[in-house]
Amino acid sequence: SQQGEEDPQALSIQEGENATMNCSYKTSINNLQWYRQNSGRGLVHLILIRSNEREKHSGRLRVTLDTSKKSSSLLITASRAADTASYFCATGAGSYQLTFGKGTKLSVIP
Amino acid sequence: NAGVTQTPKFRVLKTGQSMTLLCAQDMNHEYMYWYRQDPGMGLRLIHYSVGEGTTAKGEVPDGYNVSRLKKQNFLLGLESAAPSQTSVYFCASNSLGTSADTQYFGPGTRLTVL
């Protein structure tokens with residue numbers, strides 16, 4: 001069963017705008033990761049946030065985690081055409097397995 | 001350093017045919033995974049391996065078999081392909097296997113079963 005659910009399913013913005021994607025999950029987690037998938041490619045890891053962290057930054061990426069609401073958000077600031085991709089959250093509670101959401105498809109229009 | 005590679009990139013099968021997908025990684029990772037990605041479904045774990053000679057079932061293992069005879073290779077087999085197995089298959093690997101460990105993905109194999 002799917003643990004994470006991203007929202008919105010699709011997002012279209014102009015270059016230079018900020019993009020926000022949300023992920024909700026159902027059970028307790030230890031960690032939450034965000035991945036990007038360019039069309040026709042494999043997934044690439046973007047950022048990890050642990051359950052005891054509330055916010056994390058990496059370059060133009062900002063991730064928040066609210067364990068009380070079982071939700072996370074990914075903010076991409078000053079978006080570029082190259083950010084066009086699908087973004088997935090992946091949750092983990094124990095070892096080995098990550099459970100991926102269905103993804104948000106982001107289109108950045110030049 | 002090629003990372004994770006998958007062979008083949010594309011394949012078309014007829015119902016009932018068999019095939020093997022090969023995943024190879026050159027990062028000396030212990031843990032390897034096979035996922036399938038269907039439209040609107042995200043990634044679902046088929047099988048995984050925690051080391052050479054070991055395999056375990058994931059979320060959707062039915063109709064698939066796997067083998068990990070060498071640490072660097074993880075094979076996914078379809079003994080009798082069905083149209084429901086039309087999907088994009090991704091292999092991934094990591095070194096620690098924990099939920100905090102990055103998974104490194106291959107480029108995928110697009111399989112169509114007619």
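Chain A is the first sequence line, chain B the second, and so forth, proteins listed ahead of strands; every chain is numbered from 1. As the structure is a prediction and not an experimental result, all values here were calculated from the model.
- The residue among A:Gln33, A:Gln9, A:Lys105, A:Arg41 with the most heavy atom pairs within less than 4.5 Å of chain B is A:Gln33.
- Taken together through direct or relayed side-chain contacts under 4.5 Å among Ile, Leu, Val, Met, Phe, Trp and Tyr, B:Ile46 and B:Val113 form part of one hydrophobic cluster.
- The CG atom of A:Asn31 lies 10.0 Å from the CG atom of B:Asp101; values are rounded to the nearest 0.5 Å.
- With sequence neighbours left out, B:Thr54 forms a side chain to side chain contact (heavy atoms under 4.5 Å, CB included) with B:Ser49, B:Val50.
- Heavy-atom neighbours of chain A within the stretch residues 10-32 of chain B, taken at a separation under 4.5 angstrom, comprise B:Tyr31.
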Could you please spell out the steps behind the side-chain hydrogen bond (donor to acceptor under 3.5 Å, both in side chains) verdict for B:Gln37 and A:Gln37? CA-CA 12 Å; B:Gln37 184 177 35; A:Gln37 183 181 34; 3.0 Å; yes

Could you go through the side-chain hydrogen bond (donor to acceptor under 3.5 Å, both in side chains) check for B:Ser99 and A:Asn30 one step at a time? CA-CA 7 Å; B:Ser99 61; A:Asn30 291 342; 4.6 Å; no

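- Heavy atoms of B:Asp38 lying under 4.5 Å from chain A are absent altogether.
- Connection of B:Val66 to B:Leu111 is established within a shared hydrophobic cluster, with ILVMFWY side chains joined at heavy-atom distances below 4.5 Å, either directly or through further cluster members.
- The hydrophobic cluster around A:Leu48 extends to none of the other residues, as no ILVMFWY side-chain heavy atom falls under 4.5 Å of it.
- Hydrophobic clustering places A:Ile29 together with A:Met21 (ILVMFWY residues linked when any side-chain heavy atoms are closer than 4.5 Å, directly or through intermediates).
- Along residues 57-90 of chain A, the residues that come nearer than 4.5 angstrom to chain B, judged on non-hydrogen atoms, are A:Phe88 in order of number.
- To the nearest 0.5 angstrom, B:Phe105 atom CZ is 5.5 Å from A:Tyr35 atom OH.
- Here B:Tyr104 contributes atom OH and A:Leu43 contributes atom CG; the two are 13.5 Å apart, rounded to the nearest 0.5 Å.
- A single hydrophobic cluster is not seen to contain both B:Tyr64 and B:Tyr48; linkage of ILVMFWY side chains at heavy-atom distances under 4.5 Å, directly or through other members, places them apart.
- Cluster annotation: B:Phe74 and B:Phe90 are assigned to distinct hydrophobic clusters (Ile/Leu/Val/Met/Phe/Trp/Tyr, side-chain heavy-atom contacts under 4.5 Å, transitive).
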